[in-house]
Amino acid sequence: MEKIDELDKRIMEIISINARIPFKDVAVECGVSRAAIHQRVQRLIDTNVITGSGYHVNPKCLGYATCTYVGIKLEKGSYYKQVVEELRKIQEIVECHYTTGPYSMLIKLYASDNDRLMDLLNNEIQGIHGVDSTETLISLDQSIEREAPIRIRKTTTETV
């Protein structure tokens, strides 16, 4: 695990708000040289502390009217990798998680409309070998979207 100090955290806080901010502006905010910022960011990228950068595209602007979460129960947990490989072939699926709880897997997908959603569920996802059942939850609105917090809050316990 890469050692992350307070300067690294401050840099990540700044660039997570605006990934396009010039390094010279980050340097001014942090009180260090532009070269130091560049070296720090490159190290964070090289060590996979920072992954990806780019733009977020609004799915509604591309014609996806429905955001859906689908809980998938597998016949056996050992089917997980095979099922994931089949799910990768469905372009509307944007996230897939192996989970605990009532579902073996939880996926997030976008569909153009309810007809396409029904087709995805009935003819594609439920047709995958190893999928036992699914439960669908349609998102009506996304109220929060953000990255994981840079600073982890620690709880304090007081002794009396």
Side-chain angles (χ1 to χ4, degrees), residues 1-2 4 7-30 34 37-74 79-131 133-153:
M1 180 87 148
E2 181 64 27
I4 300 170
L7 178 56
D8 291 331
K9 290 178 182 178
R10 181 68 184 127
I11 292 167
M12 288 187 293
E13 285 175 332
I14 294 166
I15 65 175
S16 69
I17 294 167
N18 177 7
R20 295 175 48 178
I21 188 170
F23 283 172
K24 66 179 176 62
D25 295 350
V26 178
V28 168
E29 281 196 53
C30 293
R34 188 178 72 75
I37 298 298
H38 179 77
Q39 290 171 351
R40 293 276 186 137
V41 169
Q42 191 59 54
R43 180 180 50 80
L44 293 168
I45 291 169
D46 291 345
T47 57
N48 288 322
V49 174
I50 296 174
T51 58
S53 65
Y55 300 98
H56 295 280
V57 178
N58 182 343
K60 289 180 182 177
C61 294
L62 298 174
Y64 295 107
T66 305
C67 174
T68 306
Y69 294 86
V70 180
I72 299 174
K73 292 183 181 180
L74 299 177
Y79 286 133
Y80 172 70
K81 288 183 181 181
Q82 295 165 272
V83 171
V84 167
E85 288 310 310
E86 293 303 311
L87 292 173
R88 281 187 204 283
K89 297 174 185 176
I90 302 171
Q91 69 176 4
E92 290 94 339
I93 296 174
V94 297
E95 289 184 29
C96 177
H97 303 268
Y98 193 37
T99 61
T100 62
Y103 310 113
S104 307
M105 305 169 75
L106 184 66
I107 62 172
K108 178 181 179 180
L109 64 85
Y110 291 103
S112 55
D113 54 35
N114 286 344
D115 288 336
R116 177 62 181 146
L117 176 59
M118 191 165 66
D119 181 56
L120 284 167
L121 292 168
N122 294 338
N123 299 321
E124 296 192 41
I125 297 169
Q126 292 172 355
I128 296 171
H129 177 71
V131 171
S133 64
T134 62
E135 184 172 345
T136 305
L137 304 158
I138 295 176
S139 172
L140 301 175
D141 183 45
Q142 180 176 337
S143 305
I144 299 172
E145 179 182 17
R146 59 182 167 210
E147 295 295 322
I150 304 296
R151 299 179 192 274
I152 298 174
R153 289 187 185 163

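Atom set for the values below is all heavy atoms of this structure, side chains included, hydrogens, waters and symmetry mates excluded.
Put simply, CD1 on Ile50 and CD on Gln42 are 9.5 Å apart, with the number rounded to the nearest 0.5 Å. The CD atom of Glu29 sits 5.5 Å away from atom CD1 of Ile21, with the distance rounded to the nearest 0.5 Å. Taken to the nearest 0.5 Å, the OG atom of Ser133 stands 9.0 Å off from the CG atom of Leu74. Separation of atoms CD (Glu92) and OG1 (Thr66) is listed at 11.0 Å; rounding is to 0.5 Å. Remark: Ile17 CD1 to Glu147 CD distance equals 11.5 Å, nearest 0.5 Å. A distance of 13.0 Å separates CZ in Arg20 from CG in Asp25, rounded to the nearest 0.5 Å.
Side-chain atoms of Val49 and Asp8, non-hydrogen and from C-beta on, never get closer than 4.5 Å to each other. Proximity of Ile138 to Leu117: side-chain heavy atoms (C-beta onward) are separated by under 4.5 Å at one or more points. Side chains of Val131 and Glu86 form no contact here, defined as non-hydrogen atoms less than 4.5 Å apart. Taking the side chain as every heavy atom from C-beta outward, Ser104 and Ile72 never approach each other to under 4.5 Å. Cys30 is listed as a side-chain neighbour of Ile14, based on a closest heavy-atom distance under 4.5 Å.
Under the 3.5 Å distance criterion, the side-chain polar atoms of Thr51 are left unmatched by any main-chain donor or acceptor of Asn48.
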Would you be so kind as to tabulate the donor-acceptor pairs closer than 3.5 Å made by side chains of residues 120-129, with sequence neighbours excluded?
unit_1 : atom_1 : unit_2 : atom_2 : d
Asn123 : ND2    : Asp119 : OD1    : 2.6
Glu124 : OE2    : Arg116 : NH1    : 3.1
Glu124 : OE2    : Arg116 : NH2    : 3.2
Gln126 : NE2    : Thr134 : OG1    : 2.7

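Applying the side-chain hydrogen bond (donor to acceptor under 3.5 Å, both in side chains) test between Glu85 and each of Lys81, Arg88, Gln82 identifies Arg88 as the sole match.
Partners of His97 by ring pair (Phe, Tyr, Trp, His ring centres under 6.0 Å), not counting sequence neighbours: none found. Every residue was checked against the salt bridge (charged side-chain N to carboxylate O under 4.0 Å, His left out) condition with Arg146, not counting sequence neighbours, and none meets it.
No more than 12 heavy atoms of other residues, nucleotides or ligands shown are found within 6.0 angstrom of CD on Gln91. In the displayed structure, Lys9 atom NZ is contacted under 6.0 Å by more than 12 heavy atoms of other residues, nucleotides or ligands.
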Stepwise side-chain contact (heavy atoms from CB on, under 4.5 Å) check, Ile90 with Leu109:
CA-CA 9 Å; Ile90 302 171; Leu109 64 85; over 6 Å; no
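Contact record, Ala27 with Arg34: CB-N, 3.7 Å, taken as the closest heavy-atom pair. For Ser112 against Tyr64, the heavy-atom pair with the smallest separation is N-CD2, 3.9 Å. Taking all atoms of both residues into account, the shortest heavy-atom contact from Leu87 to Cys96 is CD1-SG, 4.1 Å.
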